[in-house]
Enquirer: 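Sharing a structure with you now.
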Amino acid sequence: MKNRTSLMLINALLLITVVAVTAASAQQKMHDDASCVANSMTIAQINHAQRATAAFHSVQAAERAGYTNINLPVPNMGEHWVNFDLVDDVFEPDKPEALVYADLGSGRLQLVAVEYLVPLSANPPEGFEGTCDQWTPFGDVFWTLHAWVWYPNISGTFSKFNPLVP
């Protein structure tokens, strides 16, 4: 019995270590640009975005909240649901204008990222604290910013594309 308890304790400690190392490396890998600087405020904003969108793991819940499927599937990104009532000139981490879903092989759509949309202007908007977020223009309409807060992205939290998403 003592050996079994010891083995369970060792397995639990290993699991805790793996989770802690994974979380630490995920927080440090904000963008594939080595010059990117993230700080505790960046992490706090990402956590705030997660908490605010936790209810939207269900597409139906997102639709009830005003998000609409715009039928824009993009490889290495996913399918986009936009809440046009949220599109304005203001960046709010807890109010992403779009949600990105992907079928990761389970046969159902999973929330993988949030996306921020700001009407296109001469300069990209201020976004997350630090220098890691990379806004990109979408046509002549929006500045866009993806934040992979629900699925890991080896290219970085704010990378536009995710090679782990089909």
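This structure is a prediction, so every number in the text was calculated from the model and none was measured.
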Enquirer: Where the side chain of Gln45 meets the backbone of Glu129, is there a donor-acceptor pair that is under 3.5 Å apart?
Expert: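 The answer is yes, because a donor-acceptor pair under 3.5 Å joins these two groups.
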
Enquirer: CD/Glu126 to CZ/Phe91 distance, rounded to the nearest 0.5 angstrom?
Expert: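 That separation rounds to 10.0 Å.
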
Enquirer: Can you list everything that forms a salt bridge (charged side-chain N to carboxylate O under 4.0 Å, His left out) with Glu92? Sequence neighbours excluded, please.
Expert: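 Salt bridge (charged side-chain N to carboxylate O under 4.0 Å, His left out) list for Glu92, sorted by chain: Lys95.
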
Enquirer: Who pairs with Ser58 by side-chain hydrogen bond (donor to acceptor under 3.5 Å, both in side chains), at least two apart in sequence or on another chain?
Expert: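 Partners of Ser58 by the side-chain hydrogen bond (donor to acceptor under 3.5 Å, both in side chains) criterion, ordered by chain and then number, come out as Gln60.
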
Enquirer: Quick one: salt bridge (charged side-chain N to carboxylate O under 4.0 Å, His left out) pairs with a partner in residues 101-120, sequence neighbours left out?
Expert: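 Every pair satisfying salt bridge (charged side-chain N to carboxylate O under 4.0 Å, His left out) with a residue in residues 101-120: there are none.
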
Enquirer: Closest approach of Gly78 and Val100, non-hydrogen atoms and distance?
Expert: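 Nearest heavy atoms, Gly78 then Val100: CA-CG1, 3.9 Å.
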
Enquirer: Got a sec, which residues hit ring pair (Phe, Tyr, Trp, His ring centres under 6.0 Å) with Phe56, two or more places apart in sequence or on another chain?
Expert: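 So Phe56 forms a ring pair (Phe, Tyr, Trp, His ring centres under 6.0 Å) with Tyr67.
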
Enquirer: Run the side-chain hydrogen bond (donor to acceptor under 3.5 Å, both in side chains) test against Arg64 and tell me which residues pass, sequence neighbours left out.
Expert: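 In terms of side-chain hydrogen bond (donor to acceptor under 3.5 Å, both in side chains), with neighbours along the sequence ignored, Arg64 is linked to no residue.
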
Enquirer: Any chain of hydrophobic side-chain contacts (each under 4.5 Å) joining Ile46 to Met41?
Expert: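 Different clusters.
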
Enquirer: Looking only at atom types and distance, does a side-chain atom of Trp148 sit under 3.5 Å from a main-chain N or O of Ser159, one as donor and one as acceptor?
Expert: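 Looks like yes, one N/O pair under 3.5 Å.
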
Enquirer: Once you round to the nearest 0.5 Å, how far does OG1 of Thr131 lie from CZ of Phe128?
Expert: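 One gets 13.5 Å once the value is rounded to the nearest 0.5 Å.
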
Enquirer: Return the set of residues passing side chain to side chain contact (heavy atoms under 4.5 Å, CB included) with Leu120 (not counting sequence neighbours), or none when no residue passes.
Expert: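 By the side chain to side chain contact (heavy atoms under 4.5 Å, CB included) rule, Leu120 matches Pro137, Trp143.
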
Enquirer: If the condition is side chain to side chain contact (heavy atoms under 4.5 Å, CB included), which residues does Pro75 pass it with, not counting sequence neighbours?
Expert: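 Per chain and number, Pro75 pairs via side chain to side chain contact (heavy atoms under 4.5 Å, CB included) with no residue.
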
Enquirer: Going from CG on Asn153 to CG on Leu164, what distance comes out if it is rounded to the nearest 0.5 angstrom?
Expert: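 Going from CG on Asn153 over to CG on Leu164, the span is 6.5 Å.
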
Enquirer: Suppose we screen for side chain to side chain contact (heavy atoms under 4.5 Å, CB included). Which residues come up paired with Thr136, at least two apart in sequence or across chains?
Expert: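 Expected list: Thr144, Lys160.
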
Enquirer: With distance as the sole test, does Ser155 use its side chain to make a donor-acceptor pair with the main-chain N or O of Asn162 at under 3.5 Å?
Expert: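 Looks like no, no N/O pair under 3.5 Å.
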
Enquirer: Where do Tyr101 and Leu111 come nearest, in terms of heavy atoms and distance?
Expert: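 The pair with the smallest heavy-atom distance is CD2-N, 3.4 Å.
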
Enquirer: Could you see if Leu99 belongs to whatever hydrophobic cluster contains Val90? Use Ile, Leu, Val, Met, Phe, Trp, Tyr and a side-chain cutoff under 4.5 Å.
Expert: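 Hydrophobic grouping puts Leu99 apart from Val90.
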
Enquirer: With side-chain contact (heavy atoms from CB on, under 4.5 Å) as the criterion, how do Phe84 and Ile70 come out once you've worked through the C-alpha distance, each side chain's angles and the decisive distance to 0.1 Å?
Expert: CA-CA 11 Å; Phe84 290 99; Ile70 62 168; 4.0 Å; yes

Enquirer: Please list, chain by chain and in numerical order, all residues satisfying side chain to side chain contact (heavy atoms under 4.5 Å, CB included) with Ala49, sequence neighbours excluded.
Expert: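 Applying side chain to side chain contact (heavy atoms under 4.5 Å, CB included) to Ala49 gives Tyr116.
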
Enquirer: Shortest non-hydrogen contact from Ile154 to Pro163?
Expert: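 Here Ile154 and Pro163 meet closest at CG1-CG, 3.6 Å.
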
Enquirer: Do Glu97 side-chain atoms and Leu117 backbone N/O form a donor-acceptor pair below 3.5 Å?
Expert: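 Yes; judged by distance alone, with no hydrogens or angles, the pair exists.
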
Enquirer: Keeping His80 on the side-chain end and Leu72 on the backbone end, is there a donor-acceptor pair under 3.5 Å?
Expert: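 The answer is yes, because a donor-acceptor pair under 3.5 Å joins these two groups.
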
Enquirer: Do Pro119 and Val87 come within less than 4.5 Å of each other through their side chains, counting heavy atoms only?
Expert: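 Pro119 vs Val87: side chains touch.
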
Enquirer: For His57, check ring pair (Phe, Tyr, Trp, His ring centres under 6.0 Å) against everything at least two apart and list the hits.
Expert: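 So His57 forms a ring pair (Phe, Tyr, Trp, His ring centres under 6.0 Å) with Trp150.
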
Enquirer: Do any N or O atoms from the side chain of Gln50 and from the backbone of Val149 form a donor-acceptor pair under 3.5 angstrom?
Expert: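 The answer is yes, because a donor-acceptor pair under 3.5 Å joins these two groups.
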
Enquirer: Do Val118 and Phe142 have side chains that get closer than 4.5 Å, going by heavy atoms?
Expert: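 They are not in side-chain contact.
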
Enquirer: Tell me, do Leu104 and Pro166 make a side-chain contact under 4.5 Å, heavy atoms counted?
Expert: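 Side-chain contact under 4.5 Å: yes.
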
Enquirer: Give me each pair satisfying side chain to side chain donor-acceptor pair (under 3.5 Å) with a member in residues 81-90, each pair once, sequence neighbours excluded.
Expert: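 Qualifying pairs: Glu63-Trp81.
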
